[in-house]
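Structure first, then comments.
Below, read A as the first sequence line, B as the second, and so on, with proteins coming before strands; counting in each chain starts at 1. The model shown is predicted, which means the values in this text are computed figures rather than measured ones.
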Amino acid sequence: MGHLRNAILGYTFVRLLRSAGTHVDVQNYIDNTGVHAADVVVGFTRLQKNSKAEIEKLIRQPRFDYLCWDVYTRVSQWYEQDKTNLQVRLDSLHAIEQGGNEAAEIGELISTAVLRRHLETMLRLDIEYDFLPRESEILHLHFWEAAFALLKEKGVVTLVTEGKNKGCWVMKRSSSSEAADDEENQKVIVRSNETVTYVGKDIAYHLWKFGLLGRDFGYRKFFKYPDGHEVWISAEQGEAQHPHFGGVSAIYNVIDSRQADPQNNVIEAIRALGYEEQARHYHHFSYEMVALTPRCAAGLGYQLSPEDEQKSYIEVSGRKGFGVKADDLIDTLIAASQREVESRHPELSQQECTAIAAAIAIGALRYFMLKYTKASVIAFDVKDALSFEGETGPYAQYACVRALNIFRKAGIDPEKALAEEINYDQFLAGEEGNEIWELWLAASKLGYTVDQCIATTEPAYLAKYAFQLAQLFNNFYHKHHILTETDEARKKFLLATTAVVRRELVRALALMGIAVPAVM
RNA sequence: GGGCGCGUAGCUCAAUUGGAUAGAGCAUCAGCCUUCUAAGCUGAGGGUUGCUGGUUCGAUUCCAGCCGCGCCUACCA
């Protein structure tokens, strides 16, 4: 679910930027090294005692990522049971880092399979990436060495000769205003065993993003989306022909708020290297986590402590196997909307029903993830997410369907209705005219809303806007029965009003990735 | 201890960057389908915007101090 909020927020912002004429590359950082990767390898090889051949078979199962989720949970418990098991993790970690052995091959196999599953899940939401930079290439192509040389040269990192951080290269922690003499204010970039920390790798990655590193990835085609769009992945040995990534003028990192501190450290490092301009265009697009309400967690069968039951939300945990999987949530939403569509439209074919149900389910999910401002923790409740009434995606979709139905029954093209010659002064005058004028005014504010969303990096304003416009329209729809209007001039005016509102509402929804079905 | 963020109706959230009587949805209650689809509409109840001060013609918004909650504060990523 966290991934859903991340991707939906991020990709909506991409659409907003692109609609404003900005060229945007969408990247997804693939964290395929480190303890997570090592743990999953340990799970398959030690706990499940799977051979490489068996794992090759397993990754072809439909939802291999679900298996990984379970294995990951079991491994975490296995470590908990007996701390000496942690030595196995360490061995796995070292083997993967060294490469050229079976553990490394299995790690590669699994992480690539999970990545493919991730792309498939995101594709259900029409979210596509352009480039997938992997941490393994950042290490193997020596991005860090290049960055380290720059950081040392400018004195951004210094070697600590005594104290608890002895032997480490550290930088001043961004959140402290004090000098870096105090250990509390030191952020370790290179460990005493000479390995680099996550922040160090991220500094190198971001120098590359800005085109300041002097090195580049190799690029390989990874996956072709059904629409023909190709997503590229980093590689040590790339293809000769490839698009150009990196060297950008601005960065929006869609990362949850818990990583504010490391993000700020990266920004500080870039600033300290003398790249003030780039530092100012480095945006941490920060959002809060998705948690579960105690009621929802209990409903999913999790045992709660009395303490947890009192909280308004409970943080999910992959290690505890505690959470809701994206594909399950999407499946549940589609099933619920499918039942509804079938009961409303028995005349439609199974295929048509499924397509409509998918559009409604995705609309509900996307709207749900966008209606909250980024700084708000989403206390997820299945009941709320499954609701198709009130402030939801389907509510706005429904308003569009109603509008289009009027034109369908009247046999009129909405665009033609707008081109008609209409005496607006006459119909917009007076008390009743004021109400309809408000509708026109609201319809005209999409561009302003988009600008505001971009300036504040807050897509929730767009969601609010769409809902309010839909609400005004439903009001108007109820009050004025258009097809039975006997005054032809007035009828044209009402049709034009409907057409303009529908057009802007469809646009607003499209920016959020919400499609409007033909009927619902 | 330090850093960041939050506190608004029973619940979940808004409030267009300091403007008019603080608004929505859910939930509760009362109505509206022979009509362009009721996934809708109308109405009712529900508020000392955590507390105390300050700045201002005006504060949910800005400032200070308290109280409460969350996250971060790893030689994890």
Side-chain angles (χ1 to χ4, degrees), chain A residues 29 31 33-37 93 135 160 164-170 173-178 182 184-202 256-262 264 286 288-289 291 293 295 311-313 315 337 340-341 344-345 360 364 371-381 383-384 387-399 401-410 445 448-449 451-453 455-456 458 460-461 463-465 467-468 470-471 473-485 494-495 498 519-520:
Chain A
Y29 185 75
D31 183 5
T33 70
V35 288
H36 307 92
L93 192 61
E135 193 162 273
V160 179
K164 73 166 183 158
N165 290 334
K166 184 178 176 185
C168 296
W169 289 83
V170 303
R173 190 181 294 283
S174 66
S175 54
S176 80
S177 49
E178 307 290 312
D182 188 359
E184 292 291 302
N185 294 326
Q186 294 173 352
K187 177 68 202 167
V188 173
I189 302 301
V190 180
R191 304 184 187 101
S192 54
N193 68 3
E194 295 181 355
T195 58
V196 59
T197 62
Y198 166 69
V199 172
K201 283 177 269 194
D202 224 25
D256 80 72
S257 62
R258 286 170 292 192
Q259 292 199 46
D261 223 44
N264 285 328
S286 167
E288 267 293 349
M289 61 184 169
T293 62
R295 187 182 68 170
K311 293 182 178 172
S312 60
Y313 58 82
E315 193 173 354
S337 53
E340 198 68 27
V341 174
R344 284 160 193 259
H345 300 283
I360 293 168
K371 70 192 268 195
Y372 302 95
T373 50
K374 293 181 302 170
S376 169
V377 175
I378 295 183
F380 182 84
D381 195 301
K383 195 175 138 284
D384 295 336
S387 167
F388 300 149
E389 291 167 17
E391 195 193 339
T392 65
Y395 176 93
Q397 288 171 315
Y398 187 59
V401 168
R402 284 176 137 183
L404 192 61
N405 276 346
I406 296 172
F407 292 106
R408 187 182 297 134
K409 287 235 170 166
K445 281 184 177 166
Y448 169 77
T449 305
D451 290 346
Q452 187 183 238
C453 289
T456 56
E458 181 52 272
Y461 293 134
K464 256 323 179 241
Y465 169 81
F467 173 66
Q468 282 164 358
Q471 210 172 27
F473 175 74
N474 272 332
N475 212 311
F476 163 85
Y477 177 91
H478 184 258
K479 222 170 207 169
H480 308 282
H481 201 270
I482 298 170
L483 293 184
T484 54
E485 176 60 54
L494 294 175
L495 281 168
T498 304
V519 295
M520 63 186 285

Sugar-phosphate, base or nothing in reach of A:K166, heavy atoms under 4.0 Å: base
Which nucleotide in B:C76, B:C36, B:C41 has an atom nearest any side-chain atom of A:Y477: B:C36
Sugar-phosphate only, base, or nothing, as touched by A:F407 at under 4.0 Å among non-hydrogen atoms: nothing
Gap in Å between the two C1' atoms, one belonging to B:G68 and one to B:U42, rounded: 40 Å
Nucleotide B:G25, atom P - distance to CD of A:E389 in whole Å: 12 Å
Distance between P atoms of B:U61 and B:G46 (Å, rounded): 25 Å
Sugar-phosphate, base or nothing in reach of A:N475, heavy atoms under 4.0 Å: sugar-phosphate
Integer angstrom distance from the C1' of B:A24 to that of B:A9: 11 Å
Side chain of A:R258 (C-beta onward), nearest among B:C36, B:G70, B:C72: B:C72
Distance-only donor-acceptor check, side chains A:N474 and A:R402, under 3.5 Å: yes
Candidate nucleotides B:C36, B:C75, B:A77, ranked by approach to the side chain of A:I482 - the nearest: B:C36
Sugar-phosphate, base or nothing in reach of A:F388, heavy atoms under 4.0 Å: base
Touch class at under 4.0 angstrom, heavy-atom based, for A:S376 against every strand present: sugar-phosphate
Distance between P atoms of B:U52 and B:A15 (Å, rounded): 25 Å
Per A:S312 side chain, nearest of listed nucleotides B:G40, B:U12, B:C75: B:U12
Atom pair distance, as rounded to whole Å: OH in A:Y29 and P in B:A77: 10 Å
Salt bridge A:E458-A:K374, side-chain N to carboxylate O under 4.0 Å: no
Sugar-phosphate, base or nothing in reach of A:Q471, heavy atoms under 4.0 Å: sugar-phosphate
For B:C26, the Watson-Crick or wobble partner whose two distances fall under 3.5 Å: B:G10
Sugar-phosphate, base or nothing in reach of A:K164, heavy atoms under 4.0 Å: base
Nearest-angstrom distance, P atom, B:A22 to B:A59: 13 Å
Sugar-phosphate only, base, or nothing, as touched by A:V199 at under 4.0 Å among non-hydrogen atoms: nothing
Rounded distance in Å between the P positions of B:U48 and B:C11: 12 Å
Pairwise 5' ranking along RNA chain B for A:A470 and A:N405, keeping only the more 5' one: A:N405
Touch class at under 4.0 angstrom, heavy-atom based, for A:Q397 against every strand present: nothing
In B:C33, glycosidic geometry as syn within 90° of 0 or anti otherwise: syn
Touch class at under 4.0 angstrom, heavy-atom based, for A:T197 against every strand present: sugar-phosphate
hbond_proxy A:S192 side chain to B:C75 base (donor-acceptor, 3.5 Å cutoff): yes
Length of the NE2-C1' vector between A:H481 and B:U34, whole Å: 12 Å
Sugar-phosphate, base or nothing in reach of A:N474, heavy atoms under 4.0 Å: sugar-phosphate
Distance-only donor-acceptor check, side chains A:Q452 and A:Y465, under 3.5 Å: no
A:Y395 OH to B:C26 C1', straight-line distance once rounded to whole Å: 14 Å
Spacing of the C1' atoms in B:G58 and B:G2 (rounded, Å): 37 Å
Parallel, tilted or perpendicular: ring planes of A:F467 versus A:Y395, cut at 30 and 60 degrees: tilted
Proximity to the side chain of A:A379 - top-ranked nucleotide from B:C13, B:U73, B:C36: B:C13
Options B:U12, B:A77, B:C41, nucleotide nearest the side-chain atoms of A:Y372: B:U12
Whole-angstrom distance between B:A27 and B:A74, as gauged at atom P: 45 Å
Sugar-phosphate, base or nothing in reach of A:R344, heavy atoms under 4.0 Å: base
Minimum-distance nucleotide to A:D261 side chain [options: B:C72, B:C41, B:C76]: B:C72
Nearest to side-chain heavy atoms of A:R173, which nucleotide of B:A39, B:C71, B:A74: B:A74
Pair assignment for B:C4, Watson-Crick or G-U wobble, requiring both distances under 3.5 Å: B:G70
Under 3.5 Å on both distances, the Watson-Crick or G-U partner of B:U35: none
Between A:S376 and A:E288: side-chain donor-acceptor atoms closer than 3.5 Å: no
Sugar-phosphate only, base, or nothing, as touched by A:Y465 at under 4.0 Å among non-hydrogen atoms: nothing
Sugar-phosphate only, base, or nothing, as touched by A:I360 at under 4.0 Å among non-hydrogen atoms: base
